[in-house]
Amino acid sequence: MDSGLRRNDPVGGDDPVGVDGAVVAWFNCAMGRIFIVYMMASMKNGTLYTGVTGNPAGRIWQHKTHAFPQSFTARHKVERLVWYEVHADPLAAIQREKRIKEWQREWKIRLITEMNPDWRDLSAEVMQV
């Protein structure tokens, strides 16, 4: 069973995450730390990747910089954040990610298009303080 944690996701604490020399503040919600379920794409209607993380800015940075060169997203140049959903509860986020991963591709494309019809890169939204 997958824990939902990803490499370099911090397990505790509230240290900022450095991204390209800048310090990105932690995302906070009323109850504390937030988690996102997200989809990345190589291009509009291209290769898709679905993930979950408690470190949104750091995880997106990993995808964009190919921090793990042998990963799926690095090998397929999946660098564009095209959809995300915020959760306060990590277990709910993990459950949602698993559910979406089971979906047909057409359903995922519909979900992305409803939120982001032009398939813009939404990573700036996720990295804002």
Side-chain angles (χ1 to χ4, degrees):
M1 178 178 251
D2 182 31
S3 70
L5 292 175
R6 300 293 181 253
R7 284 183 287 225
N8 298 334
D9 271 4
V11 176
D14 55 0
D15 294 333
V17 178
V19 177
D20 289 340
V23 175
V24 178
W26 282 104
F27 283 77
N28 290 309
C29 64
M31 298 302 291
R33 191 159 150 208
I34 68 158
F35 299 84
I36 68 166
V37 179
Y38 63 96
M39 281 192 272
M40 309 238 358
S42 57
M43 66 180 87
K44 186 171 184 173
N45 296 314
T47 304
L48 298 176
Y49 172 84
T50 304
V52 63
T53 185
N55 177 7
R59 187 71 175 127
I60 300 306
W61 177 84
Q62 289 173 347
H63 289 302
K64 289 186 164 294
T65 63
H66 306 285
F68 303 102
Q70 299 305 313
S71 69
F72 176 86
T73 56
R75 287 179 297 147
H76 296 276
K77 297 183 178 14
V78 178
E79 304 168 347
R80 185 186 304 188
L81 177 67
V82 292
W83 178 88
Y84 67 94
E85 186 175 84
V86 177
H87 293 266
D89 177 14
L91 296 178
I94 292 166
Q95 184 178 33
R96 176 73 164 157
E97 177 213 23
K98 288 180 179 187
R99 213 175 274 144
I100 290 172
K101 282 186 172 191
E102 293 175 354
W103 286 8
Q104 297 174 17
R105 177 179 171 80
E106 297 80 35
W107 299 352
K108 294 175 188 177
I109 289 172
R110 188 177 317 131
L111 186 64
I112 293 166
T113 304
E114 286 173 2
M115 176 186 190
N116 185 4
D118 299 325
W119 290 55
R120 293 178 305 108
D121 186 351
L122 304 174
S123 57
E125 290 179 20
V126 171
M127 293 193 181
Q128 284 180 354
V129 177

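The analysis underlying the following values was restricted to heavy atoms, covering all of them including side chains, and did not include hydrogens, waters or symmetry mates.
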Checklist entry - Considering residues at least two apart in sequence or located in another chain, which fulfil the side chain to side chain donor-acceptor pair (under 3.5 Å) criterion with Asp121? => result Lys64, Ser123
Next on the checklist: Tell me if the CE atom of Met43 is crowded by more than 12 foreign heavy atoms within 6.0 Å.
Outcome noted: no
Checklist outcome for this item: salt bridge (charged side-chain N to carboxylate O under 4.0 Å, His left out) pairs touching residues 39-51, sequence neighbours excluded, are none
Item to check | Pairs where residues 71-93 contributes a residue and the test salt bridge (charged side-chain N to carboxylate O under 4.0 Å, His left out) is met, not counting sequence neighbours | outcome: Glu85-Arg96
Pairing residues for [X] by the side-chain contact (heavy atoms from CB on, under 4.5 Å) criterion, not counting sequence neighbours:
| X | result |
| --- | --- |
| Gln104 | Glu106, Trp107 |
| Ala93 | Phe35, Val37, Val52, His87 |
| Arg120 | Asn116, Asp118, Leu122, Glu125 |

Checklist entry - With the threshold set at 4.0 Å, does a side-chain nitrogen-carboxylate oxygen contact exist between Arg110 and Glu114? => result no
Next on the checklist: I'd like to check the salt bridge (charged side-chain N to carboxylate O under 4.0 Å, His left out) partners of Lys108; sequence neighbours left out, ordered by chain and number.
Outcome noted: none
Checklist entry - Hey, does Ile112 have a side-chain heavy atom less than 4.5 Å from the side chain of Met39? => result yes
Checklist entry - With side chains defined as the heavy atoms from C-beta onward, is the minimum distance between His63 and Tyr49 less than 4.5 Å? => result yes
Item to check | Contacts of type ring-ring contact (aromatic ring centres under 6.0 Å, His included), residue His76, not counting sequence neighbours | outcome: Phe72
